[in-house]
Structures are given as C-alpha cells and as structure tokens.
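Below: the structure, in structure tokens.
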Amino acid sequence: MNADTKRCGLDENSPYVEYAVEILTLLADATRVRIILALRGGELSVNELAERLDKPGPSVSQHLAKLRMGRVVACRREGNRMYYSLANEHARQLVADAVYQAEHALEVEPAHHRARVAPTGGATPSATGQGTGGPTPRATGPATGEPTPGATGPAAADTTATAAAEGDA
C-alpha cells in the first residue's frame with residue numbers, strides 16, 4: 001500500500017470516511033454552499049454575509065454555527081461583531097468541485113471549460129458560434145444518458161455528441 005495514501009486517508013477503509021460523509025451532509029444545504037462561496041474572497045461579518053445572501057442575519061448565524069462546529073469555517077470576535085473565514089482551502093475546493101460537477105451534469109460544455117479555452121486564429125467566441133446565448137444545455141439526463149424529455153436543439157438530435165463531450169470532460 002502506498003504510504004502517502006494511507007497517511008492522507010484516501011483509502012476505502014480510511015477512518016476518515018464517516019467524517020467525510022458528515023461534512024458532505026453538512027454542505028448539503030444551498031445557503032451553506034453560498035456562504036462558502038461568499039467567503040472565498042476573505043473574511044466577512046455575519047451582517048455582510050446576510051446582506052450578500054439576501055437572508056436574515058439570525059438564519060445566516062445559525063448556518064455559520066453549524067459550519068463552525070464542522071470546522072469548515074473559523075471565526076474571530078472584534079468588539080460585538082463576529083467575522084468568519086474559511087478554515088482552510090479544502091472547503092473552497094470541495095464546493096468549487098461540486099459546482100463544477102453540477103455544471104457537467106447540466107451542460108454539454110460546462111462554463112469552467114469554456115472559461116479556459118481561448119479561441120485560435122483571432123476568432124471570437126461569437127464568430128465561432130461558441131459562447132453565445134449562455135450555457136449549452138444537455139440533451140440527455142445526467143445519470144442515464146437517455147434523452148431528456150422536452151429537450152430541443154442540435155444536441156437533442158444527436159446524443160452521440162453529448163456522450164463524446166462527456167468522455168472528454
């Protein structure tokens with residue numbers, strides 16, 4: 001067995017698996033995911049988070065308390081204000097990867113792939129037909145590969161293109 005794998009707990013028999021499930025369960029709430037996304041830019045007070053998320057302060061505070069108990073966020077007090085930040089880079093990466101996975105489930109060409117592909121030969125995305133009109137919706141269901149009911153457009157007519165795009169992702 002690789003010593004690094006055993007040390008990091010990335011093994012199916014790792015003692016960290018149950019705690020990882022608890023963390024994923026803790027993050028299975030849209031408000032908490034939005035809190036983590038908001039904290040990517042740095043420390044924010046409860047009131048600043050509440051304003052950015054358009055949620056009541058007491059509700060945001062309760063979510064932050066749960067994230068703090070899960071050691072996902074850290075806090076510090078300054079006078080009568082509490083400021084929150086991400087406890088480490090892993091929560092940021094975990095949520096980013098979850099959002100990227102959601103993009104893969106819902107789009108043929110996910111936004112995070114379009115953002116890093118620069119057109120060649122001076123062509124703009126609109127000139128090549130790419131990047132116009134927002135995300136390209138999937139024509140197949142995320143798990144089955146079967147056509148999505150009511151799907152329209154060129155991708156709906158050819159599910160082979162969708163399967164090929166998924167294979168590249």
Pairs where residues 36-55 contributes a residue and the test salt bridge (Lys or Arg N to Asp or Glu O under 4.0 Å) is met, not counting sequence neighbours: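 Sorted result for residues 36-55: Glu43-Arg76.
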Atom [atom1] in [X], atom [atom2] in [Y]: separation rounded to 0.5 Å?
X: Arg68; Y: Arg71; atom1: CZ; atom2: CZ; value: 12.0 Å
X: Leu26; Y: Arg32; atom1: CG; atom2: CZ; value: 5.5 Å
X: His113; Y: Glu109; atom1: NE2; atom2: CD; value: 8.5 Å
X: Asn47; Y: Arg81; atom1: CG; atom2: CZ; value: 5.0 Å

Check: Val21 main-chain N/O paired with Thr25 side-chain donor or acceptor under 3.5 Å: yes
Nearest heavy atoms of [X] and [Y], plus distance in Å:
X: Val46; Y: Gly57; answer: CG1-O, 3.8 Å
X: Val73; Y: Leu64; answer: CG2-O, 3.9 Å
X: Ala50; Y: Pro56; answer: CB-C, 4.3 Å

Pairwise ring-ring contact (aromatic ring centres under 6.0 Å, His included) hits with a residue in residues 62-101, at least two apart: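 Those involving residues 62-101 are Tyr100-His112.
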Note, Leu94 side chain near Ile36 side chain (heavy atom, < 4.5 Å): no
Leu67 side chain reached by Leu27 side chain, heavy atoms, under 4.5 Å: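 They are in side-chain contact.
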Going only through I, L, V, M, F, W and Y residues with side-chain contacts under 4.5 Å, is there a path from [X] to [Y]?
X: Val33; Y: Leu106; value: no
X: Ile35; Y: Leu24; value: yes
X: Tyr19; Y: Val72; value: yes

Evaluation steps, side-chain hydrogen bond (donor to acceptor under 3.5 Å, both in side chains), between Gln101 and Asp97: CA-CA 6 Å; Gln101 183 61 39; Asp97 286 342; over 6 Å; no
